[in-house]
Amino acid sequence: MDLNFAEIEKNCHSFWKEKQTYQVSNQSDQPKFYVLDMFPYPSGSGLHVGHPLGYIASDIFARYKRLNGFNVLHPMGYDAFGLPAEEYAISRGIHPAVSTEENIARYREQLESIGLSFDWSREIRTSDPTYHKWTQWIFTLLFNHYYDLEADKAKHIHELEAHFTKYGTANLKAATTNDISFTPQDWVSISKKDQQDILMQYRLAFRSEGTVNWCEALGTVLANDQVKNGLSERGGHPVELRPLTQWFLRITAYADRLLSDLDTVEWTDSLKSIQRHWIGRSEGAAINFSIDGFEDVLSIFTTRPDTIFGATFMVLAPELALVEKITISNQKEEIETYVKYVSGRSERERQSEVKNVTGAFTGAYAIHPFTGKKIPIYISEYVLKDYGTGAIMAVPSDDARDRAFAEKFNIEIIDVVDKSDFPKAGIGEKVGKIINSDFLNGLEVPEAIEVILQKVEENKIGERRVNYRLRDAGFSRQRYWGEPIPIVYDKEGIASTLPLSELPLELPEVENFKPTTDGRSPIARLESWVNLPDGRRRETDTMPGTAGSAWYFIRYTDPHNSDAFVGKEAIDYWENVDLYVGGSEHAVAHLLYARFWTKFLYDLEKIKFTEPFKKLINQGMIQGIIEVAYLEKVGDANHFISTDIADSEKSYAPLYVPIEFVTDYQKEESHLNEAGLRKYIAWKPDLAEAVFKMKGGTFKNGRFVPNEEGAECKFITHSEVGKMSKSKFNTINPDEIIEEYGADCFRMYEMFLGPIEQSKPWSTNGIDGISKFLRRFWTLFYDTEGKWLVTTDKPNPEALKILHQTIKKVKEDIERFSFNTCVSAFMVAVNDLRKLKCHSQEILQPLVQLMAPFAPFITEHLWAKLGHTDSIHKSSFPAFEEKYLVESTIEYPISINGKKRATAAFATDASKEDIEKAVLEMKIVQKWVDGKPIKRLIVVPGRMVNVVV
RNA sequence: GCCGAUGUGGCGGAAUUGGUAGACGCGCUGGAUUCAAAAUCCAGUUCUCGCAAGGGAGUGGGGGUUCGAUUCCCCCCAUCGGCACCA
């Protein structure tokens, strides 16, 4: 009987549904295990073959853990709010709620067809009011807390108010937007509005004027991680810096913990290093320089205080308020021109211009705190307003940029570090001996740093300071499709949060949800919603996509709780995610925000863990082949040129070609034939008039005109490996593959492709191998007539050995997430058992259980045929027994001078001496030794023999 | 430029602690079956010299440690990913 996977799959789906096989309870005596896939955004194009790679891997692991007696939480849901979902809806001209609903339905269907063992009763959606109610609630908590740097945790804002009333800012160590100081008397005497403005500077969710990434095309601001090379990550639109009042989350307060706790999680080195970089901790000092003729002090940040005697000028960020104040009248024009020039430059331009230093002199001078010398103050765009204090002491001898600047503006360079002992060291490297530096002379750099830091603190001219590259997270979006920020403003503009009883604050229905261009959210147009009867006004910005995904893994443990974001018992039982699987593209956004929210909720004692994801595996990207046709514009005419006759000197416009039009796709000779070309012009009607030139002739107006009799219409396309995406028309859908080969085959093939974390182009070359394997596996159970072959015969030792070898290998390999080698192991086992004509139930039944995590459908069917009524996925993982692997002899490789020349079998318990003797007597060994003296004879028992001549 | 990862047959890849390099699969070659084909089954398949027996080379390149290196160390190259005036 042939393997009829379609029928088996159908039966399994209804069996699992009926028995609720994958539903999991929060009450269990079994140990817990939490396996989670990264939250998908339900895109309009559905799943392509790249998505399931991680889902299948995590599913195998979840099933494996279940078979090993764990209570496994393995849920799935949708990151349904956010920019991509909204852009998709706008492009189709429908409401995002409608398109999201449609997309989710399709996703669900596809995910189920793959046989993923999700507990669907726990499905959540970020756009669902019963969910976003709690996202909003967490926002209100962030608003009502500040960060106490002394206790190193978040505390309620009331504690801060109490501190202000009692002590003012004295002895306050709290994360803040601006360092200010006042007395308790000041605090009580100022207005309520002023008090609130001050408190706002301490809240963990706060409103502030900041420079934001404004994207005109998307009509919204974007977070730093949504901007790549000065363009929006989504859509590639230009992004400019704009001052705008926005909501922010004070993630910087958690910078140190986010950094140090990376050591406690099992993530890849590359991912950890990406996060470390993003956080960008640097230790140094803030040092105050007085300004000649002004009361103001100039505070600078440096990581090289040891080079302070080499500081020959100062540089300020052009945007700094101080600049205007200190500029002397003679220099006013120059400075103004320069400031204007900088403000007109986009982020992108500033980044691309690395070599050419620019700047302007303010005419003011700072006083060197140790030498008392006057040093000129410049401004330049290479100093960033938001990093450190926005001001530096420039040391041209030990910093490449400072040096370039000094050379251009003819400023003195004093060598302060003698690096003659380190000829290979680059400029700025922290090695060498200090010279020309008064009391620091002769010290090694690390010592000098310590000495100067002490001196700076003694003299009260500065302090040690740790600085971070990490910025506070912009949390406002001027878009429709997101959680409304649950804030109202009174007549004075004082912000307050909505109480839990008024949550969720649902998105109002609007006629026009398209983005505006005036920097306001679309819901701001809805006056009736914005203005409350009591005169207060609602906040109209919405939250970014990262909000809902920052805590979703918590909600899965108790998804239907209407009284709390999660039940205490539920979260204390399940705790954090044991295994998290997803792409590395979320390295800094989602993964950092989720860690931040987790730590915040931990501080508030809502949860008992400090990291959301203990172990994280990044699955590689399955790439696609992108097919491109070369286009040359000749006047108004469009000429397409086949790649084999393309002129390598010329540059052509590459146009994407949908892969379904391409013949011999994935092969070198991929091309469009006559029918393909017709499809192409039908798909792009504006190119109907185009001319396609190829070796064999020309295709024009829907007809191929050959150069000579019998010439072929073969328009060769240019093929390259790249991301699989709808916009490149190269997505391959799992549905067709499942229909043709079955879900089990699809699952095993995706795993067989190679290590899970490796990226590779998709190719169906080789899927036949898996398909054949499954059919061979099937023939262990059924003959061609459909007769059941399994017997109760006692298995022979050889079959037992095969089984137990396989159990051992598969168990070890699953535990190290090496799924491709598991599939190989199954193939080896099936090949060997077929050779033995083994049909013994005692062998085959454990083999079926072993394969259940990989091929859940076929194994479920066979399990039932083997006489079981309950699901195989509720059974157990076969136990490995060493005794079946014990061998009486071991085959040793015999090497001469490290090169293998022969093999020889010896008894397992053969002594070293016996082996030595036997080896030396071997003919082949004597031939190689050839009478020469034997220098050494190495025998590693159970391993190998090496004869050194 | 800095940081991280990767580099093995025609292809995807395996070799878990330094111990038989190339498991398993694709592809290819030959054979069986068939009127023929598909499917299936059997055998072979790193390169190279050789009729063969048997040699030689070989895990991106160069060097080193070791009886023995895909595995450890140093230098270099290539590809991918991240960051890029970060003081």
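These numbers come from the heavy atoms of this one structure, side chains and all, not from hydrogens, waters or symmetry mates. To find a chain, count down the sequence lines: A is the first, B the second, and so on, and within it residues start at 1.
Taking CD1 from A:I287 and CD1 from A:I452, the interatomic distance works out to 6.5 Å, rounded to the nearest 0.5 Å.
Between the P atoms of B:U6 and B:C73, the separation comes to 12 Å (whole Å). Annotation: B:C11 and B:A23 have their P atoms spaced 15 Å apart (nearest Å). One C1' atom belongs to B:U70, the other to B:U59, and the distance between them is 5 Å to the nearest Å. To the nearest whole angstrom, the two C1' atoms, one in B:U66 and one in B:C77, are 26 Å apart. Using atom P as the reference point in both B:U46 and B:U40, the two lie 23 Å apart (nearest Å). The separation of B:U65 from B:U71, taken at their C1' atoms, amounts to 14 Å, rounded to a whole angstrom. Spacing between B:A69 and B:G64 at atom P, rounded to whole Å, works out to 12 Å. Of the P atoms belonging to B:G82 and B:A14, the separation is 24 Å, rounded to the nearest Å.
In this entry the distance linking NZ of A:K760 with P of B:C26 reads 18 Å, nearest Å. Across the protein-nucleic acid pair, A:F854 atom CZ and B:G25 atom C1' stand 16 Å apart, rounded to whole Å. Atoms NE2 (A:H277) and C1' (B:C83) sit 6 Å apart, rounded to a whole Å. Residue A:M827 contributes atom CE, which lies 12 Å from atom C1' of B:G12 at whole-angstrom precision. Distance A:I938 CD1 to B:U20 C1': 16 Å, rounded to the nearest Å. In this structure, A:L470 places its CG atom 14 Å from P of B:C83, rounding to the nearest Å. If you measure from atom CZ of A:R471 to atom P of B:C83, you get 15 Å, rounded to the nearest angstrom. The nearest whole Å value for the distance from the CG atom in A:N765 to the C1' atom in B:G13 is 14 Å.
For A:N831, no side-chain nitrogen or oxygen approaches OP1 or OP2 of B:A23 to under 4.0 Å. For B:A14, the OP1/OP2 oxygens have a side-chain nitrogen or oxygen of A:N820 closer than 4.0 Å. Between B:A87 and A:R403, no contact under 4.0 Å exists linking OP1 or OP2 to a side-chain N or O. Between A:Q758 and B:U6 there is no side-chain N or O to OP1 or OP2 distance below 4.0 Å. In this structure, A:W928 reaches the B:G55 phosphate: one of its side-chain N or O atoms is under 4.0 Å from OP1 or OP2.
Checked for salt-bridge contact, A:K811 and A:E815 meet the test: a charged N lies under 4.0 Å from a carboxylate O.
Across the strands present, B:A15 finds no partner; the criterion is a Watson-Crick or G-U wobble pair with both atom distances under 3.5 angstrom. Both distances falling under 3.5 Å, in either a Watson-Crick or a G-U wobble arrangement, occur for no nucleotide opposite B:C51. In this structure, B:G27 and B:U45 make a Watson-Crick or G-U wobble pair, each of the two defining distances being under 3.5 angstrom. Nucleotide B:G68: unpaired (no Watson-Crick or G-U wobble partner with both distances less than 3.5 Å). B:A32 and B:U40 make up a base pair, with Watson-Crick or G-U wobble contacts both under 3.5 Å. Partner assigned to B:U79 is B:A5, using Watson-Crick or G-U wobble distances below 3.5 angstrom.
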query = Which parts of nucleotides 40-46 of chain B does protein reach within less than 4.0 Å, heavy atoms only, written one letter per nucleotide 5' to 3' as B for base, S for sugar-phosphate only and - for none?
reply = SS-----
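Ring geometry for A:Y341 against A:Y338 counts as tilted: the plane angle lies between 30° and 60°, on a 0 to 90° scale. A tilted orientation is assigned to the rings of A:F61 and A:Y64, their planes being inclined by 30° to 60°. In this pair, A:F854 and A:F819 present their aromatic rings perpendicular. The plane angle is above 60°, beyond the 30 to 60° band.
Annotated as anti: B:G58, whose glycosidic dihedral deviates from 0 by more than 90°.
At a cut-off of 3.5 Å, with distance as the only test, a side-chain donor of A:S771 or A:R775 sits close to an acceptor on the other residue.
Comparing atom distances between the A:T903 side chain and each of B:G4, B:G19, B:U20 picks out B:U20 as nearest. Picking from B:G58, B:A5, B:G82 the nucleotide with the shortest atom distance to the side chain of A:D269 gives B:A5. Side chain of A:R469, nearest nucleotide from B:G56, B:A84, B:A14: B:A84. Ranking B:G55, B:A87, B:U20 by closeness to the A:L384 side chain, first place goes to B:A87. Among B:G19, B:C67, B:C24, the nucleotide with an atom closest to any side-chain atom of A:V828 is B:C24. In this structure, of B:A14, B:G4, B:A21, it is B:A14 that holds the atom nearest to the side chain of A:P755. Picking from B:G19, B:A87, B:A5 the nucleotide with the shortest atom distance to the side chain of A:R401 gives B:A87. Closest to the side chain of A:N946, out of B:G19, B:G25, B:A15, is B:G19. Closest approach to the A:S282 side chain among B:A15, B:A87, B:C26 is made by B:A87 (side chain taken as heavy atoms from C-beta onward). Nearest to the side-chain atoms of A:R901 among the listed nucleotides B:A14, B:G56, B:G19 stands B:G56.
Among the candidates A:F289, A:F409, A:F405, the single residue satisfying the ring-ring contact (aromatic ring centres under 6.0 Å, His included) test with A:F313 is A:F405.
At a threshold of 4.0 angstrom between heavy atoms, the contacts of A:S270 are confined to the sugar-phosphate backbone, with no base atom among them. Using a 4.0 Å heavy-atom cutoff across all strands shown, A:S273 reaches sugar-phosphate atoms only and no base atom.
Side chain of A:T268 to main chain of A:L271: a donor-acceptor pair is present (N/O by atom type, distance under 3.5 Å, no hydrogens or angles). A:T362 places a side-chain N or O within donor-acceptor distance of the main-chain N or O of A:I377, the cut-off being under 3.5 Å. A:N288 contributes no side-chain N or O that, together with a main-chain N or O of A:V297, makes up a donor-acceptor pair within less than 3.5 Å.
Of the two residues contacting RNA chain B, namely A:S584 and A:G280, the nearest-nucleotide position lying further toward the 5' end is that of A:S584. For the pair A:V588 and A:G766, both in contact range of RNA chain B, the more 5′-proximal nearest nucleotide belongs to A:G766.
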Residues 391-399 of chain A side chain polar contacts: donor-acceptor under 3.5 Å, at least two apart:
from   : atom 1 : to     : atom 2 : distance (Å)
A:S397 : OG     : A:I414 : O      : 3.1
A:D398 : OD1    : A:K419 : NZ     : 3.4
A:D399 : OD1    : A:R401 : N      : 2.9
A:D399 : OD1    : A:R401 : NE     : 3.1
A:D399 : OD1    : A:R401 : NH2    : 3.1
A:D399 : OD1    : A:D402 : N      : 3.0
A:D399 : OD2    : A:R401 : NH2    : 2.5

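In the interface, the side chain of A:K809 is paired with the base of B:U16 through a donor and an acceptor atom under 3.5 Å apart.
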